[in-house]
Protein chains: 2
Amino acid sequence: MAVMSTSERLIESTRELLWERGYVGTSPKAIQQRSGVGQGSMYHHFDGKPDLARAAISRTAAQMRAQIDAQLSRPGTAMERITGYLRRERDVLKGCAIGGLTQDPEIIADDSLRQPVDETLRWLRGRLAEVLAQGRDQGEIAATLDPAATATAVVAVLQGGYVLARAAGSAEPFTVAVDGILGLLASA
Amino acid sequence: MAVMSTSERLIESTRELLWERGYVGTSPKAIQQRSGVGQGSMYHHFDGKPDLARAAISRTAAQMRAQIDAQLSRPGTAMERITGYLRRERDVLKGCAIGGLTQDPEIIADDSLRQPVDETLRWLRGRLAEVLAQGRDQGEIAATLDPAATATAVVAVLQGGYVLARAAGSAEPFTVAVDGILGLLASA
DNA sequence: GTCTATATTTCGATAGAC
DNA sequence: GTCTATCGAAATATAGAC
C-alpha cells in the first residue's frame, strides 16, 4: 500500500472495519491497531468513533458511485450495460459496503451517518432508471414497464442477493437472483 | 402479555432485541432488563448469549415459515397468492427478523446460528418456486421463466427492499421495489 | 502531533449463598 | 431456581506530558 498520512490510514482502516464488522462491531481500539496509529493521535485527528465513521462512509459512498457510474456509462445497449453491472466480479460474501450499514441501529439512528447511505442508494436507483428508460426507448424492454420501479427492483435484487449469499455461505444465491431478474427483464 | 415462564420471557426478549439491535448489539444485561429476569436466573436456564440466541433464532425461523406458508397456501391463482404475500402489511422499517441477521459477522461465523437463517431463506425460495411453477403451468407467467431463479429474485427483492427502506427512513422504496418485480412478473 | 496514564461503563460470565 | 458479589477484559474516551 502506498505511503499514507495518519489521517488517511485511519479512514482506510475504518472503511475496512465498517465493511467487515459493521459500526456497532467496530471499536476505536481495533481501528488503532489496524492503522498502526496511536490512541492520542487518533483522537487528535478525529472527534471519536462517529466522526471517523462519517469520513469513512462518505468516502466509500463517493467511490462506489464513481465506479458504478463508469460501469453504466460504457458503450453498449442498455441491457448489455445492466447485465455487465449485475454480473461484474464481486466479493459477494463480503456484502455491500454501503447497503450492509442499514442493518446497524446506530447508523439508522444518526442522520449524519444514514444520509450518505441513503443518497448513494437513491442515486443508484435513479441512474439505473435512466439506463432502463433508454432501453425502453430503443425497444429493448417493454414500453409498459416503469423505469423507476424496475430500477428499484433491480437494486433490491442486488442488496437482497448479498443477504441470501451470506446466509448460505456461498455466492450461489446471489448469482441465481441476478439470473432471475435478468430473465424477467429479457422476457418483458 | 400472557403470563410466561422465565425461560419463555428470556427467549421472547432475546427475539425482540436481536431484531432491533442485532447479535453484536445485544448484551446479556439488556436481555435481563427487558425480560425482568435476574443474572443468576438467566445463566441457570441458558449457557450464555450464543445459547439464548440459538433458541430465539430457531423460534423466529419456525414462526416465519409457518406464517408465510399459510399465506401462500390461501386460495387464489399463483399470481394472486404471490401478490398477497408481497403486499401484506409489514413493519418495513424494522427489516426482516431473519434476513437482517446475515449482516452480523458473529452470526455468519457461527454455523449453529447461521444455519436456521439459511434454512429459512432456502425454504422460502423453494416454496415460492412451487407457486411460480403452478403459475407457469396455468399459463399465468411465461413458460420460459425458470421458477427457481425467479423465486430467488423475488425473495431478494424483499430482502433488498428492507435495505432500501431502512436507508431512506421510509417504507416507500420497499413498496416501489415490490411494484417493480410485480410489473416484471405481470409482463413476462 | 504523538505518547502514556488514567477513568468510567459495559460485556459476558463465574461463584457461592439462600 | 434465584440472588448478590465478584471478575478480567474491552469499549470509549479524557488528561497532560513530551
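If you're wondering where the values come from, they're calculated on a predicted model, not measured in any experiment. The chains referred to below are lettered A, B, ... by the order of the sequence lines, with proteins before strands, and numbering in each begins at 1.
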Peer 1: Is A:Glu172 salt-bridged to B:Arg125, cutoff N-O under 4.0 Å?
Peer 2: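 Yes, this pair counts.
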Peer 1: Could you work out which one of D:dT2, C:dG12, D:dA13 sits closest to the side chain of B:Pro28?
Peer 2: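 The listed nucleotide nearest to B:Pro28's side chain is C:dG12.
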Peer 1: Given salt bridge (Lys or Arg N to Asp or Glu O under 4.0 Å), test A:Glu12 with A:Arg59 step by step and report yes or no.
Peer 2: CA-CA 9 Å; A:Glu12 288 305 310; A:Arg59 178 171 302 183; 3.0 Å; yes
Peer 1: Considering the options A:Ile68, A:Val154, A:Leu158, which one meets the side chain to side chain contact (heavy atoms under 4.5 Å, CB included) requirement together with A:Leu128?
Peer 2: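 Between A:Leu128 and the candidates, side chain to side chain contact (heavy atoms under 4.5 Å, CB included) is satisfied uniquely by A:Val154.
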Peer 1: Just call it for B:Gly40: base, sugar-phosphate, or nothing, with non-hydrogen atoms closer than 4.0 Å on any strand.
Peer 2: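 Here B:Gly40 touches the bases of the nucleic acid.
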Peer 1: Could you state the NE2-P distance from B:His44 to C:dA13, rounded to the nearest angstrom?
Peer 2: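 Rounded to whole Å, this separation is 17 Å.
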Peer 1: Expressed in angstrom and rounded to an integer, what is the separation of B:Met42 atom CE from D:dT4 atom P?
Peer 2: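 For the pair B:Met42 CE and D:dT4 P, the rounded distance is 16 Å.
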Peer 1: Consider only side-chain N and O atoms of B:Gln63 and B:Arg15, and report whether a donor and an acceptor are under 3.5 Å apart.
Peer 2: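 Looking only at side-chain atoms, B:Arg15 and B:Gln63 do form a donor-acceptor pair, the distance falling under 3.5 Å.
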Peer 1: Side chain of B:Lys29: nearest nucleotide among D:dT12, C:dT10, D:dT2?
Peer 2: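 For the B:Lys29 side chain, the nearest candidate turns out to be C:dT10.
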Peer 1: Which is true for A:Ser7 with a 4.0 Å heavy-atom rule: it touches a base, it touches only sugar-phosphate, or it touches nothing?
Peer 2: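 Contact class for A:Ser7: none.
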Peer 1: Under 4.0 Å between a side-chain N or O of B:Ser27 and OP1 or OP2 of C:dT10?
Peer 2: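 For C:dT10, OP1/OP2 do not have a side-chain N/O of B:Ser27 under 4.0 Å.
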Peer 1: Take atom CZ of A:Phe46 and atom P of D:dA13, then tell me their distance rounded to the nearest Å.
Peer 2: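 Those two atoms, CZ and P, are 14 Å apart.
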Peer 1: Whole Å only: how far is the CD atom of A:Gln32 from the P atom of C:dT4?
Peer 2: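 Going from A:Gln32 (CD) to C:dT4 (P), I get 12 Å.
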Peer 1: How many whole angstroms separate atom NE2 of A:His45 from atom P of D:dT14?
Peer 2: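 The answer, rounded to whole Å, is 16 Å.
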Peer 1: From C-beta outward on A:Gln39, which listed nucleotide comes closest to its side chain: D:dT14, D:dG1, C:dT14?
Peer 2: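 Of all the options, the side chain of A:Gln39 is nearest to D:dT14.
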Peer 1: Starting at CD of A:Glu106 and ending at P of C:dT10, how long is that distance when rounded to a whole Å?
Peer 2: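 Result: 13 Å.
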Peer 1: Check A:Arg90 against A:Tyr85 and note the closest heavy-atom contact, atom names and distance.
Peer 2: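 Answer, listing the atom of A:Arg90 first, then A:Tyr85: NH1-O, 3.0 Å.
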Peer 1: From C-beta outward on B:Ser41, which listed nucleotide comes closest to its side chain: D:dC3, C:dT2, D:dT12?
Peer 2: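 Among the listed nucleotides, the one closest to the side chain of B:Ser41 is D:dC3.
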Peer 1: Rounded to whole angstrom units, what separation is found between the CG atom of B:Asp51 and the C1' atom of C:dA13?
Peer 2: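 Whole-Å distance recorded here is 13 Å.
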Peer 1: If you check the B:Thr6 side chain, which of D:dT2, C:dC11, C:dT2 turns out closest?
Peer 2: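 From the listed options, D:dT2 comes nearest.
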Peer 1: Between atom CZ in A:Arg9 and atom P in C:dG1, what is the gap in whole Å?
Peer 2: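 So the two atoms are 13 Å apart, to the nearest Å.
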